[in-house]
Amino acid sequence: MSATWESSLPAVIGAKEAKALERARGLRTVGDLVQFVPTRYLDPQRPDAMADLVVGQGAAVIGRVVSAQSIPMRNQPRRSRLVVSVEDDAGGRLGVVFFRTFGHRERLLPGARVLLIGTVGEFGGRPQMTHPDYVVLETPPGLDGTAAPGEGETAGAAAAPTEGLIGLYKEVKGMTSTQVNAAAQLALHALDSAPDPLPPAVAAEHSGLSALEAWSALHRPRDWGHLGTARERLRFAEAFELQTLLAQLRRRRENDPATPRTRREDGVAAAFDAALPFPLTGSQEQAGEEIAAELERTHPMHRLLQGDVGSGKTVVALRAMLQAVDGGGQAALLAPTEILAAQHHQSLVRMLGPLATTGRLGGGVEVRLLTGSMTTAQRRAVLLDLVAGQVDLVVGTHALLEDTVHFHDLALAVIDEQHRFGVEQRDRLRAKSDPPPHLLVMTATPIPRTVAMTVFGDMDVSTLTELPAGRQPVTTHVVPAGNARWMGRTWERVAEEVRAGRQAFVVASRIDAATEDPEQPAPIDTRGGEQGTLLGGGPEGEGAAPALPPALGVVELLEELRSRPELAGLRIDMVHGRMPAEAKEAVMSAFAAGEVDVLVATTVVEVGVDVPNASVMVIHDADRFGIAQLHQLRGRIGRGGHPGLCLLVTHVEGGTTRERLDAVAATTDGFELARTDLQLRREGDVLGAAQSGRSGLEHVRVLDHAEIITRAKQAATDYVEQDPGLTGWPELARAVEARRDSAEWLERS
Ligand code: ADP
Ligand code: MG
């Protein structure tokens with residue numbers, strides 16, 4: 001019979017199977033079943049070893065029947081079960097049990113060689129399969145022709161194929177894996193074709209298989225190569241759908257209007273460049289050029305600026321902001337925390353030097369800060385000057401997003417550490433100007449290229465690939481917290497640095513034993529929470545095993561350090577998020593001025609803090625931080641002319657958490673760490689949480705399938721170029737529409 005993708009299953013595969021599939025997996029149509037592909041494949045030429053079977057997993061084994069016994073049921077003596085013992089060539093044993101013996105006893109005779117496929121269970125501490133599918137490969141010697149089954153009529157619940165690979169499906173109650181496969185075969189045979197999001201020309205160029213052939217191969221591949229080709233087609237199609245959506249978004253933005261902000265030879269940007277105390281790195285130059293050219297266009301820039309810790313993103317952003325000012329507009333820099341906003345404000349003012357004046361009369365660049373902790377009067381003054389156009393650059397926290405904030409002419413919105421903001425917040429800032437401002441978002445840590453291409457695929461990306469000259473290497477070691485000698489040595493190292501004229505950071509994961517750090521967005525257990533983002537770098541959770549001693553807080557650490565003989569005579573102080581703003585500032589400036597030797601702090605020092613004289617950092621309970629965060633933290637040292645030393649103190653001795661710390665100790669390359677981070681997490685979490693949206697990718701894994709993603713992006717961009725409305729291939733239009741619905745984060749980005 002012939003069927004379509006939408007045909008309902010009972011008519012095609014039979015009522016009983018259809019019912020089981022719907023009940024267990026919600027499969028209703030031929031298409032549903034075809035897309036229900038095996039999760040695992042076995043090569044009958046290379047069966048699983050019986051000695052290595054894992055309880056709960058599907059397995060295929062080959063062995064000889066050693067014994068087969070019918071054992072009467074205790075309370076129903078007329079019925080019996082069949083208990084078979086099978087041994088493979090390596091001497092491993094597997095028990096097999098049938099509660100309905102009919103037909104099996106005659107076939108599973110001692111001496112028969114059999115292929116068994118089923119889920120591994122356990123009985124009496126030994127592996128056992130209940131009602132597996134099986135094929136008798138050889139009958140016992142001397143019985144040829146008497147009890148041997150004919151081909152295709154083997155006696156398992158269904159005949160297991162012996163050709164090609166065997167697909168094992170997720171469990172379907174009431175059906176064996178082989179029966180599911182048989183049903184899928186029926187469905188596939190009934191189809192003439194399968195829907196294909198790939199336009200014919202794209203399909204022809206990128207795969208040798210039709211969509212139907214690919215689905216067929218996924219259910220019954222001839223060999224691993226055949227399976228690989230089929231999977232690749234599926235992945236490519238999926239990547240192509242997403243990239244088509246992204247290409248459309250990019251194209252649509254191409255048509256949005258924006259006010260061009262042209263460079264001026266006599267402008268503040270040029271004056272700033274002329275006064276820069278250092279040469280820009282090559283990639284700062286290049287990113288700067290990309291941004292400058294885009295600001296001059298009549299369409300809004302939508303760009304991601306990424307680069308490793310210390311690669312100098314702020315200067316690049318400031319140069320863009322100054323171009324906005326030269327173009328007659330204002331620029332806003334949005335930062336996630338008060339401390340960070342204050343630091344940005346300070347460093348902008350410092351970098352601008354004489355170009356920043358207080359008061360407009362000098363004609364300089366007016367930079368202001370807007371945060372939630374300012375008094376109403378202070379805030380009102382900023383708001384008035386903003387709307388009057390008296391302020392050129394404003395740095396702020398979420399306070400910038402409030403409805404009361406109006407700009408005279410917002411030309412450029414810069415968002416630092418974009419991962420701490422949602423799309424909504426980004427939009428609120430963009431909505432403060434009509435036409436919308438140019439947008440530059442910055443990441444705190446690097447993102448692997450393919451992640452950028454999927455999660456940020458609608459943006460253009462500038463990458464800072466090098467660190468400014470003069471940055472010193474930071475050496476990192478993991479220190480076992482329980483080892484008194486090592487800890488003593490740790491504090492001695494700190495004292496040595498101070499005696500050499502340097503300064504030290506000591507970082508704790510919380511304020512005191514009772515209080516988590518409010519500035520620390522990713523406390524202990526982020527599993528399943530939304531904090532475990534790729535970029536936020538929250539720890540995995542399992543590291544904070546209950547057996548570990550509680551983490552030390554800043555307050556306790558300060559006390560301990562002040563009493564340690566190794567540190568006697570050193571000036572030690574602390575800073576954390578619960579201190580009043582002025583107190584925090586006082587300590588920070590004392591540290592910056594070299595009046596404090598050792599600063600005990602929470603992650604308030606994570607980003608932006610710039611004290612070039614600091615050369616050593618001890619991170620206590622380092623297991624409580626994610627990879628990205630540790631990398632960000634240690635970016636605070638080695639900024640002057642002195643090599644840095646970072647010591648990760650932990651009670652954790654093994655597991656993923658320890659791997660995370662070892663990875664941070666092993667390399668200072670942020671891009672490599674970002675990869676490791678992704679690998680140590682479940683990828684779904686990463687994409688699920690990044691941008692608080694979903695990529696909706698089922699088959700493509702961004703780390704493993706870089707080549708496919710790159711190819712799909714190119715193909716999709718080309719296709720959208722010649723068929724922007726996707727009218728030439730409605731199946732693609734439908735697939736992209738469905739993807740858009742599930743990716744609401746894209747819709748508004
Ligand atoms: P990040 O990319 O981590 O935000 P920053 O913008 O904070 O890095 O820059 C780190 C430090 O490097 C700052 O002190 C900044 O002034 C300095 N810096 C930036 N660019 C250069 C350069 N080209 N040469 C020397 N120092 C630079
Ligand atoms: Mg920065």
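The basis for the numbers below is simple: all heavy atoms, side chains too, and nothing from hydrogens, waters or symmetry mates. Sequential numbering from 1 along the given sequence is applied to the chain's residues. Just so you know, ligand 1 is whichever comes first in the structure, and atom 1 is the first atom listed for that ligand.
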Can you name the one residue among L558, T490, L552, L557 that meets side-chain contact (heavy atoms from CB on, under 4.5 Å) with V506?
L557
Which segment of S347 sits under 4.0 Å of ligand 1 when only heavy atoms are counted
neither
Please confirm whether K313 comes within less than 3.5 Å of ligand 1 when only nitrogen or oxygen atoms on both sides are compared.
yes
List ligand 1 atoms under 4.0 Å from L280, heavy atoms only on the residue side.
23 (N)
Contact partition for M442 relative to ligand 1, non-hydrogen atoms under 4.0 Å
neither
Measure the NE2-CD distance between H398 and E338 for me, rounded to the nearest 0.5 Å.
11.0 Å
Salt-bridge present (R571, D597; N to O < 4.0 Å):
yes
Atoms of ligand 1, numbered as shown, that sit under 4.0 Å from any heavy atom of T314
4 (O), 5 (P), 6 (O), 7 (O)
V315 and Q284, any side-chain heavy atoms less than 4.5 Å apart
yes
For ligand 1, note which part of M351 has a heavy atom under 4.0 Å away: side chain, backbone, both or neither.
neither
Taking only heavy atoms of V309, which atoms of ligand 1 are found under 4.0 Å from at least one of them?
3 (O)
Check for me whether A317 has a heavy atom closer than 4.0 Å to any atom of ligand 1.
no
Hey, does S311 sit under 4.0 Å from ligand 1 if you only count heavy atoms?
yes
When you check the gap from the basic side-chain N to the acidic O, do R263 and E289 get nearer than 4.0 Å?
yes
Less than 4.5 Å apart, side chain to side chain, heavy atoms only: is that true for M617 and V507?
yes
How does T281 reach ligand 1, by side chain, by backbone, by both or by neither, if only non-hydrogen atoms under 4.0 Å count?
both
Within-4.5 Å side-chain heavy-atom neighbours: V461 and R303
no
With a 4.5 Å limit on heavy-atom distance, are the side chains of L369 and V394 in contact?
no
Atoms of ligand 1, numbered as shown, that sit under 4.0 Å from any heavy atom of P279
22 (C), 23 (N), 24 (N)
